[in-house]
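Along the sequence shown, residues are numbered consecutively beginning with 1. Quick caveat, the model's predicted, so the values are computed rather than measured.
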Amino acid sequence: MTAPALPVELFDLVIFGGTGDLAVRKLLPALFHRFVDGQIQPGSRIIGVAREGLDDDGYRNQVRAALNGAAAKQGDRVDAFLQQVHYRPLDARKDAGWDDFAKLMGECPDHVRVFYLSTSPDLFVDICERLGGYGLNQGESRVVLEKPIGHDLASANRINDDVGRVFAESQTFRIDHYLGKETVQNLLALRFGNALFEPLWNAGHIDHVQITVAETLGVEKRGPYYDHAGALRDMVQNHMLQLLCMVAMEPPSSLSPDAVRDEKLKVLHALKPINETNVAQLTVRGQYRAGVGEGKSVPGYIEDLNSTSKSKVEHSNTETFVALKAEIANWRWSGVPFYLRTGKRLAERVSEIVVAFKPVPHSIFTASAGPLAQNRLVLRLQPDEGVKLWLTIKHPGPGGLRLRHVPLDMSFAEAFGVQQPDAYERLLLDVVRGNPTLFMRRDEVEAAWNWAGPILAAWAAGGEAPRPYTSGTWGPSAAVALIERDGRTWDEDFEQ
């Protein structure tokens, strides 16, 4: 049984970039699911904004198509939802249409206002300045900033400074959808709601931690953006560091937003630097080549890039894969390595956190019983969210004592009998509620860039090209060497 879904107060949610991929594929379906569950009250409005010359009906047709199977299975609910959907054509850098948009927003002055900037970051400031000029930043108004927040520390600070002149920090929600995933939320419950784990959650009992975010797809339509970003900016500096913080942070005094974010910030400040002195030993960069992905032949990165870019290239130093070894310089985690890896066109689509505990100090079992394996706590973020705790037990039956390594396995979907909400479903309504716990505070963004920036600078100064790897594999062989020279190996028991 799941907890009842409580309605949020009336709101206007404006999606700038309302016809874009994120809005169509994630945001609008997420809002529809919350509407079906009764959390969005009649009278709330969802307003798409983009440059396309659509009217309300034209946009609603696009939204209906985006809902795919829901339109056929829940036709009445889709129709009711679409009545709350509106559209206004706008260009962030032109005056036309803004007066009409401000008039529309003025029709419901008591609503909470959420402005979701699902656009290129170079439009963030233009949009915010327009909103401020029309007084739409007053009262219960909030702005949501999609990643990336800048290309480096300096550009992140410029964006935060400029947005901050219009929206206060308390009104600014920097979204990282990984923090909205059910498994990440369960990290808090597992660690701080059970006497079993927290006493063992330290360097005395944990051998190492692995965080893997692997994709089978290539850069797809994101080629031009991705070639200016790369895997470290796209995944490590934000998503993966946030996951690391959730694993490593000290117990907060409460679940209040700043109590949680204060502890995450301490982790970021405690990360040991990776720079030109040690980048070659602690990091691996890769770039995929042609191979086999999801059972079919797939092109390499350069071919993918040229298929989505107007200007053709023959060479790129952009990494599509990163593996690195991070360490946290504090009492709890001293000497415990955190191995991170992420990449495109890898062998499987999977995101998981593996906490590997130290082996027992002395085995009382004979060799014939079989090997003793480390206990592991595996938290799966995708594709099927759940938790596994790997234990050693006796194989049942006569014939002597034989050891087996088996998981206590809990799938959230099976345990609770419902499909788990998408991360955006939780995060969008948290913005409406004004709850910033799962969003990045400005000082977190700065601390993350302070750590990631020297890695990028060292790569650029070294001039070494990313190591090639065949699509459909687990990345360059150097990524295996990175962990195996420490006597460990990447966890790939994904099908067990």
Side-chain angles (χ1 to χ4, degrees), residues 1-8 26-27 29-31 33-34 37 39 144 147 173-198 201 209-213 235 238-268 338 340 350-355 376-389 408-441 444:
M1 176 179 288
T2 57
L6 300 177
V8 297
K26 289 290 188 180
L27 303 182
L31 290 165
H33 292 145
R34 292 303 91 216
D37 278 1
Q39 288 195 272
V144 182
K147 78 171 185 75
F173 290 71
R174 300 172 189 85
I175 194 166
D176 186 330
H177 72 276
Y178 268 68
L179 292 182
K181 290 182 177 291
E182 195 69 34
T183 311
V184 177
Q185 300 300 293
N186 261 293
L187 255 176
L188 294 173
L190 283 168
R191 283 191 60 187
F192 307 129
N194 296 285
L196 175 65
F197 290 114
E198 186 54 28
W201 212 261
V209 177
Q210 299 179 29
I211 302 175
T212 295
V213 179
M235 290 298 303
N238 38 71
H239 297 326
M240 299 189 77
L241 283 187
Q242 286 293 306
L243 296 180
L244 183 150
C245 287
M246 295 293 282
V247 173
M249 71 180 188
E250 293 297 316
S253 59
S254 70
L255 286 181
S256 68
D258 281 332
V260 172
R261 296 191 292 181
D262 285 347
E263 298 304 334
K264 289 196 296 172
L265 182 64
K266 291 176 185 177
V267 175
L268 293 170
F338 284 70
L340 280 59
V350 63
S351 296
E352 70 173 26
I353 300 166
V354 178
V355 180
R376 290 175 294 147
L377 178 66
V378 181
L379 300 106
R380 180 74 65 89
L381 282 70
Q382 64 181 22
D384 51 335
E385 294 187 89
V387 178
K388 289 182 181 180
L389 178 61
L408 297 177
D409 190 356
M410 187 194 75
S411 162
F412 295 146
E414 293 178 6
F416 296 100
V418 295
Q419 182 178 353
Q420 293 302 314
D422 181 81
Y424 282 102
E425 297 179 39
R426 172 181 289 107
L427 296 175
L428 287 169
L429 295 196
D430 274 356
V431 180
V432 176
R433 297 186 187 100
N435 181 359
T437 305
L438 301 179
F439 297 82
M440 295 175 69
R441 204 166 58 191
E444 288 183 77

With a 3.5 Å distance limit and no angle check, can you tell me whether [X] reaches the backbone of [Y] through a side-chain donor-acceptor pair?
X	Y	answer
Asp422	Tyr424	yes
Asp430	Pro436	no
Arg191	Pro251	no
Gln185	Leu179	yes
Gln39	Leu6	yes

Do [X] and [Y] make a side-chain contact, defined as non-hydrogen atoms from C-beta onward lying under 4.5 Å apart?
X	Y	result
Met249	Leu188	yes
Val267	Met246	no
Leu190	Leu379	yes
Leu438	Val184	no
Asp262	Pro252	no

[atom1]-[atom2] distance between [X] and [Y], expressed to the nearest 0.5 angstrom:
X	Y	atom1	atom2	answer
Leu244	Ile211	CG	CD1	4.5 Å
Leu241	Lys264	CG	NZ	11.0 Å
Lys147	Gln242	NZ	CD	12.5 Å
Met440	Ile175	CE	CD1	12.0 Å
Met235	Met240	CE	CE	6.5 Å
Leu187	Phe197	CG	CZ	10.5 Å

Closest non-hydrogen atom pair, [X] against [Y]:
X	Y	answer
Ala259	Ser253	CB-OG, 3.8 Å
Leu428	Ala30	CD1-CB, 4.2 Å
His239	Asp176	ND1-OD1, 2.5 Å
Val213	Tyr178	CG1-OH, 3.1 Å
Trp201	Val355	CH2-CG2, 3.8 Å

Give me the one residue out of Lys181, Gln382, Arg380 that meets side-chain hydrogen bond (donor to acceptor under 3.5 Å, both in side chains) with Ser351.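 So the option named by the test is Gln382.
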Show, in sequence, the C-alpha distance, side-chain angles and deciding distance for Phe338 and Val247, and conclude whether the side-chain contact (heavy atoms from CB on, under 4.5 Å) test is met. CA-CA 10 Å; Phe338 284 70; Val247 173; 4.1 Å; yes
